[in-house]
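Okay, structure first, notes after.
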Amino acid sequence: MLKKQLKNILWLLKVSWTKCSSDLLVWTFLSLIGALMPFFMLIALQNTIDTITLFINKGYMVFDKAIVSITLYALFMFIQAFYNSLPPFIFQKMQHNTLQEFKKIIAAKVLNTNILAFDSAEYQERLSLANQAIDYGPVMIILQSSVEFICTLIEIGSVSYIVARATPLGLLALIMITLLNIWIQAQNGKQQYNLEKENEYNRRKSSYYASLLTDKNNAMEIRAYGLGDYFIQRWQKITEIINASHFKVRKKWTLVFILVSSLRLLIMGLSTLFVAINVFNGELSLGQLLTIWVAFGMIQSSLERWASVGAGIVEAVLMASELQNFLEWEPIKSFRSTTGLITDYNSGSNKNIPLMELKDVSFFYKGDKPNICHVSAKINQGDIIALVGYNGSGKTTLIKLLLGLYEPDDGVILREGIPLSDFKLDTSNIGCVFQDYVRYEMKLRENVGFGCLKYLNEDPVLERALYKAGAKDIYKNDLNDSMDSILGRSFDISGVELSGGQWQKLAIARGLVGNPLFVVFDEPTSNLDPIAEYEQFVQIKEQLHGETILIVSHRLGLSRLANRIWVLKDGQLIEDGSHYELLSKNQEYARLWENQIKWYDLDLISKGGF
């Protein structure tokens with residue numbers, strides 16, 4: 001365990017060194033020099049007081065000696081002020097740089113993790129702990145605490161030299177009680193860490209309830225159903241559980257710290273009394289008394305800081321282990337390796353090979369029952385395929401397999417004769433529009449250009465995508481022909497607020513950027529009424545020329561736009577044909593069609609047929 005933690009620390013320090021090596025060297029040097037300042041200040045203070053005392057008692061003073069002592073004291077005060085300002089500035093700069101680097105590392109790990117992991121509670125908890133570790137800043141705490149630990153040791157050692165000449169036993173007792181305090185602080189830090197880990201589940205639930213109450217996307221429904229007080233009560237209950245567990249631990253350790261601090265103060269009081277007696281006996285000067293008195297305060301403060309620093313290192317090392325554990329954890333095989341994959345394939349060049357082909361593909365999501373079961377089918381270039389079936393039939397899972405977001409457990413998916421797993425995932429030839437599309441509160445060009453980043457600054461390409469998606473009126477009227485218009489007002493009060501249907505059209509435009517060969521529509525127009533949805537796809541179909549389209553929709557009216565219809569049931573592809581071919585078979589598709597058109601049969605509705 002210790003070996004692994006040491007390995008984690010070395011890796012963290014290596015990343016930090018890579019990002020800010022020069023700043024780290026300067027900061028460490030200044031910190032070590034600053035640790036000697038208290039010793040020199042005390043020597044200068046003692047000489048100054050002794051010189052003034054000599055003048056008061058004898059009626060004369062050594063002027064040169066007084067000037068030197070006062071000047072040195074003032075100089076050390078200036079250096080101390082400089083030390084208190086510059087190192088923290090450098091440290092904050094390092095902290096910012098390392099924080100961004102570790103956030104980037106976490107983001108890279110998430111992007112390369114199989115999308116299935118997001119449905120795992122264990123993955124979400126590990127990710128939450130890793131993000132918490134980054135925000136806690138274990139790397140910088142370890143760096144700061146380690147250097148501060150050494151600096152404090154230097155400070156205690158140098159100042160203790162002054163005290164040891166007057167009361168060595170008092171100094172020894174103070175050090176012993178402080179070592180006890182360090183051990184207690186370390187135990188406290190370890191228990192606090194374990195408590196944080198135990199409370200992670202409740203903390204995530206608390207954050208979730210808080211987001212329900214504060215997120216603008218939830219505001220309408222929360223108010224419509226009057227759920228505000230209900231969620232406040234649930235949030236408050238969980239928060240009280242978390243706070244109660246923390247209070248119980250803090251109460252215990254606070255009592256222990258009070259006892260240890262009382263013992264330390266008693267030792268300091270007795271030691272100061274002993275030194276004062278020596279002053280009255282003429283064995284020590286007044287300057288020495290005052291210097292030792294100040295030194296005791298410095299030693300006490302330094303020893304407390306030393307104990308706190310030690311506990312901080314223990315807790316930071318434990319938090320750092322959570323970050324490393326997340327980065328090393330592989331819940332499910334990684335999502336599409338980025339090395340050794342095809343990146344420059346001339347897609348669509350061979351018209352005689354199916355664009356996509358599924359060969360006996362099966363996929364198991366949870367348990368032993370497959371979500372997709374032995375599916376074999378071909379998608380030819382130029383096909384318009386409607387994918388239909390009841391909820392839970394496996395439509396969205398099949399879409400994710402075709403897009404390469406999932407990898408089949410059995411069988412293989414070919415892209416123009418080559419296994420899909422051999423391709424590096426990219427969007428240059430594939431467009432996708434999901435039901436749960438993202439509303440990017442950014443510029444219009446980004447909302448559209450994210451569909452294929454190489455066209456992000458190609459306005460004519462972005463405009464064509466908008467026209468194909470039926471979003472010409474948004475671009476021309478609402479946004480005044482400006483690709484740089486800001487959408488949404490979360491970050492810019494002058495941003496343009498769009499309706500749900502308008503956001504949906506932008507999502508469709510994003511999937512059509514750059515004339516992709518294969519476009520997948522996974523119920524992206526569910527917010528539109530049936531007539532508007534049909535008209536939307538008619539317009540898209542008229543704008544497209546030779547692209548292959550796969551449409552998922554619960555509204556079977558769209559299937560008439562397709563030359564092929566796939567019917568899924570319990571993860572199996574049970575029918576494949578045109579609208580009229582499948583109706584003539586009078587099987588699953590025909591039943592789906594008949595059940596749906598009943599809703600539009602006004603005579604049947606008027607007679608109470610439902």
Side-chain angles (χ1 to χ4, degrees), residues 110-120 123-124 330-338 341 347 354-367 369-379 383 385-416 418-438 450-452 507-508 510-512 516-526 548-554 565-574 576:
V110 171
L111 287 173
N112 286 285
T113 297
N114 194 304
I115 198 169
L116 286 170
F118 286 83
D119 295 328
S120 164
Y123 174 80
Q124 292 296 336
E330 291 292 343
I332 304 172
K333 58 185 177 180
S334 294
F335 169 62
R336 193 62 59 81
S337 171
T338 57
L341 299 179
S347 187
L355 182 65
M356 303 287 290
E357 183 176 1
L358 298 98
K359 289 189 172 183
D360 199 29
V361 170
S362 295
F363 178 80
F364 297 80
Y365 182 61
K366 290 180 180 178
K369 184 179 179 181
N371 291 75
I372 296 296
C373 184
H374 300 292
V375 171
S376 295
K378 295 179 180 180
I379 302 176
D383 273 346
I385 300 174
L387 182 58
V388 301
Y390 289 109
N391 286 338
S393 60
K395 299 187 297 297
T396 297
T397 302
L398 185 60
I399 290 295
K400 291 178 179 178
L401 285 165
L402 287 169
L403 291 175
L405 298 176
Y406 290 170
E407 294 185 7
D409 293 302
D410 293 314
V412 65
I413 300 175
L414 303 177
R415 175 177 169 183
E416 299 181 82
I418 301 173
L420 185 62
S421 57
D422 289 351
F423 287 87
K424 181 177 180 180
L425 189 70
D426 67 80
T427 60
S428 58
N429 291 303
I430 297 178
C432 46
V433 188
F434 299 108
Q435 179 180 4
D436 299 322
Y437 56 85
V438 180
F450 283 167
C452 189
I508 293 172
R510 191 158 55 242
L512 299 176
L517 286 174
F518 184 41
V519 185
V520 174
F521 295 96
D522 186 9
E523 299 194 68
T525 53
S526 57
T548 304
I549 301 174
L550 183 61
I551 305 172
V552 179
S553 178
H554 283 95
I565 299 168
W566 286 359
V567 183
L568 278 183
K569 184 177 182 180
D570 297 328
Q572 293 181 308
L573 181 59
I574 60 173
D576 181 358

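The analysis underlying the following values was restricted to heavy atoms, covering all of them including side chains, and did not include hydrogens, waters or symmetry mates.
The line from OG1 of Thr397 to CG of Asn371 is 5.0 Å long, rounded to the nearest 0.5 Å. To the nearest 0.5 Å, atoms CG (Leu398) and OG (Ser393) are separated by 9.5 Å. How far CG of Asp522 is from CD1 of Ile551: 11.5 Å, rounded to the nearest 0.5 Å. Asp383 contributes atom CG, which lies 10.5 Å from atom CD1 of Ile549 (distance to the nearest 0.5 angstrom). Taken from CD1 in Ile413 to CG in Leu358, the straight-line distance is 5.0 Å, to the nearest 0.5 Å. Here CG of Leu402 is found 8.5 Å from CG of Leu387. Values are rounded to the nearest 0.5 Å.
Annotation: side chain of Gln572 is not in contact with side chain of Val375 (no heavy-atom distance under 4.5 Å). Using a 4.5 Å heavy-atom cutoff, the side chains of Ile508 and Phe521 are in contact. You'll find the side chain of Tyr123 reaches within 4.5 Å of the side chain of Thr113, heavy atoms only. With a 4.5 Å cut-off on side-chain heavy atoms, Phe518 and Ile379 count as touching.
For the pair Pro408 and Val361, the tightest heavy-atom approach, listed with the atom from each and the gap, is CB-CG1, 3.7 Å. Contact detail for Cys432 and Leu403: the closest heavy-atom pair is CB-CD1, 4.0 Å. Among all heavy-atom pairs drawn from Pro516 and Val519, the shortest one is CG-CG2, 3.6 Å. Minimum interatomic distance between Val412 and Pro419 (heavy atoms only, all atoms of both residues): CG2-CB, 4.3 Å.
When atom types are taken as modelled, the side chain of Arg510 and the backbone of Tyr437 share no donor-acceptor pair closer than 3.5 angstrom. Looking only at distances, a side-chain donor or acceptor of Lys395 sits under 3.5 Å from a matching main-chain atom of Gly389.
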key: Residues Leu355, Glu416; criterion side chain to side chain contact (heavy atoms under 4.5 Å, CB included); working and verdict   = CA-CA 5 Å; Leu355 182 65; Glu416 299 181 82; 4.0 Å; yes
ask   = Phe364 and Asp410: side chain to side chain contact (heavy atoms under 4.5 Å, CB included), yes or no, with the steps?
value = CA-CA 9 Å; Phe364 297 80; Asp410 293 314; 3.8 Å; yes
ask   = How far apart are the C-alpha atoms of Tyr406 and Ile372, what are their side-chain angles, what is the distance that settles it, and do they pass the side chain to side chain contact (heavy atoms under 4.5 Å, CB included) test?
value = CA-CA 11 Å; Tyr406 290 170; Ile372 296 296; over 6 Å; no
key: Working for side chain to side chain contact (heavy atoms under 4.5 Å, CB included), residues Arg415 and Ile430   = CA-CA 11 Å; Arg415 175 177 169 183; Ile430 297 178; 4.3 Å; yes
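In this structure, the side-chain hydrogen bond (donor to acceptor under 3.5 Å, both in side chains) partners of Asn391, at least two apart in sequence or on a different chain, are His554. In this structure Asp576 satisfies the salt bridge (charged side-chain N to carboxylate O under 4.0 Å, His left out) test together with Arg564, sequence neighbours excluded. Residues satisfying the salt bridge (charged side-chain N to carboxylate O under 4.0 Å, His left out) criterion with Lys400, sequence neighbours excluded, are absent altogether.
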